[in-house]
Amino acid sequence: MDLKSPEKNSTELTNPTPLPPQNPKTQTGSKPKDRDLLNHLEAYLARRDGVDKLLKISRYATKIILASSVVPEALTLNRRLKSFESSVGLSRKAFRLGKFVQDLNALRNSHFDSKQEIFFSIIAYGGEGVYYFVEQFVWLAKSGLIDSKHSRNLQIISAWAEFIGYFGSIALKIRDLKKIMEDEACLKSSIEISISRGISCKGKEEKMRKLREKKMMKKLSVVQDLADGLMSLADIRDGKGRLSGPLVVSSAGLLSAIISTHKNWLSC
């Protein structure tokens, strides 16, 4: 789902004390603009979500191969791919240990502008939090510590919580998209006025570029949530019905993983 805490409005300090100039090379916590590929990759792999999404790509790519019958079932490779897919799926659940805490913190630290936003935020963060919390017990059941007879019921609860969470997440992101598009329209009008008056608008054009990048990432997030929502719906329906076929669901999973990997790569 990839939810993040709403951005807080920054307040300006009056009469700030001027700070001495710092050398960019000596600043701590600053991210260099042009990083070496290996350094960037190291930072990406240091993230829990970074490794998780790479595992997700490998898992759903494998599921697509199996669902498309490219490798005949009689071959040993087919059995190995099934074993690999199952092992990766179990490994990914281990990466979700304690992840529900981020949803609790996000909900606790949120600042709401309306009752509608409160409602959708509770659904989004609450649904995702319950999903990650239950997934810990699904992992314990699949790993053998908990009786496996509970596995199916836990997976149903997990799938419903995830599906409900995506509903809230998509609603919030559509609201954000509308705000971004309104800001974009206002900025576009301001740029046109500046051009007509012969005023330089380089700063506004740069702001417009960033706004459009933000809009694109938000659209990708909506697509990702729709793809993940489709997979959770297939889990609820136990793979039955339209849009629940193995190839369709696996393709949705791969699409979601690629989008999430792209977002994590840009943010690290």
Side-chain angles (χ1 to χ4, degrees), residues 1-3 52-75 77-97 99-100 103 123-171 221-260:
M1 193 180 300
D2 200 20
L3 283 166
D52 179 54
K53 299 314 173 187
L54 289 179
L55 289 174
K56 188 175 181 179
I57 287 176
S58 63
R59 186 190 181 200
Y60 284 103
T62 303
K63 287 174 78 73
I64 288 174
I65 294 172
L66 292 170
S68 60
S69 301
V70 174
V71 181
E73 291 189 12
L75 293 181
L77 179 59
N78 186 283
R79 294 193 297 273
R80 289 180 178 177
L81 287 174
K82 286 181 179 179
S83 177
F84 172 77
E85 183 273 322
S86 178
S87 297
V88 171
L90 186 60
S91 299
R92 287 193 64 222
K93 294 185 185 302
F95 276 93
R96 295 167 187 167
L97 290 175
K99 201 171 181 181
F100 68 94
D103 293 289
I123 290 177
Y125 293 114
E128 187 181 64
V130 171
Y131 162 69
Y132 283 130
F133 182 76
V134 175
E135 278 291 285
Q136 297 176 126
F137 297 97
V138 174
W139 173 65
L140 292 174
K142 285 185 174 292
S143 60
L145 188 61
I146 296 178
D147 195 327
S148 59
K149 69 180 182 181
H150 302 297
S151 181
R152 181 56 190 163
N153 290 333
L154 288 169
Q155 285 178 302
I156 290 294
I157 296 171
S158 172
W160 270 110
E162 185 182 22
F163 183 74
I164 292 171
Y166 284 129
F167 175 78
S169 176
I170 291 170
S221 291
V222 172
V223 172
Q224 181 188 351
D225 281 356
L226 288 171
D228 284 330
L230 177 64
M231 288 191 294
S232 61
L233 182 61
D235 288 338
I236 292 170
R237 302 175 68 180
D238 199 19
K240 299 175 182 177
R242 292 185 177 180
L243 301 178
S244 297
L247 188 58
V248 174
V249 173
S250 299
S251 298
L254 184 60
L255 175 63
S256 169
I258 291 172
I259 292 173
S260 187

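We're numbering straight along the sequence, starting at 1. The structure presented is a predicted model; accordingly, all values stated were derived computationally and were not measured.
The main-chain N or O of Gly229 is found under 3.5 Å from a side-chain atom of Ser232 such that the two form a donor-acceptor pair.
Within a 6.0 Å radius of CZ in Arg80, no more than 12 heavy atoms belonging to other residues, nucleotides or ligands are found.
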Please report the C-alpha distance between Leu255 and Val223 in whole Å, then the side-chain angles of each, then the deciding distance to 0.1 Å, and finally whether the side chain to side chain contact (heavy atoms under 4.5 Å, CB included) criterion is met. CA-CA 9 Å; Leu255 175 63; Val223 172; 4.0 Å; yes
Applying side-chain hydrogen bond (donor to acceptor under 3.5 Å, both in side chains), run through Tyr132 and Gln136 and close with a yes or a no. CA-CA 7 Å; Tyr132 283 130; Gln136 297 176 126; over 6 Å; no
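Of the candidates Lys56, Arg79, Lys63, Lys63 is the only one forming a salt bridge (Lys or Arg N to Asp or Glu O under 4.0 Å) with Glu85. Among Tyr131, Tyr125, Phe133, the single residue meeting the ring pair (Phe, Tyr, Trp, His ring centres under 6.0 Å) criterion with Phe100 is Phe133.
In this structure, Ile259 and Ser256 have side chains that are not in contact, with every pair of non-hydrogen atoms separated by 4.5 Å or more. In this structure, Ser251 and Ile64 have side chains that are in contact, with non-hydrogen atoms separated by less than 4.5 Å. Counting only heavy atoms from C-beta outward, the side chains of Val71 and Leu66 never approach each other to under 4.5 Å.
Of all heavy-atom pairs spanning Asp225 and Ile170, the tightest one is CB-CG1, 3.5 Å. Nearest heavy atoms, Ala141 versus Leu154: CB-CD1, 4.4 Å.
The closest side-chain donor-acceptor pair between Ser158 and Glu135 falls under 3.5 angstrom.
Every residue two or more places apart in sequence or in another chain that forms a salt bridge (Lys or Arg N to Asp or Glu O under 4.0 Å) with Asp52 is listed here: Arg92.
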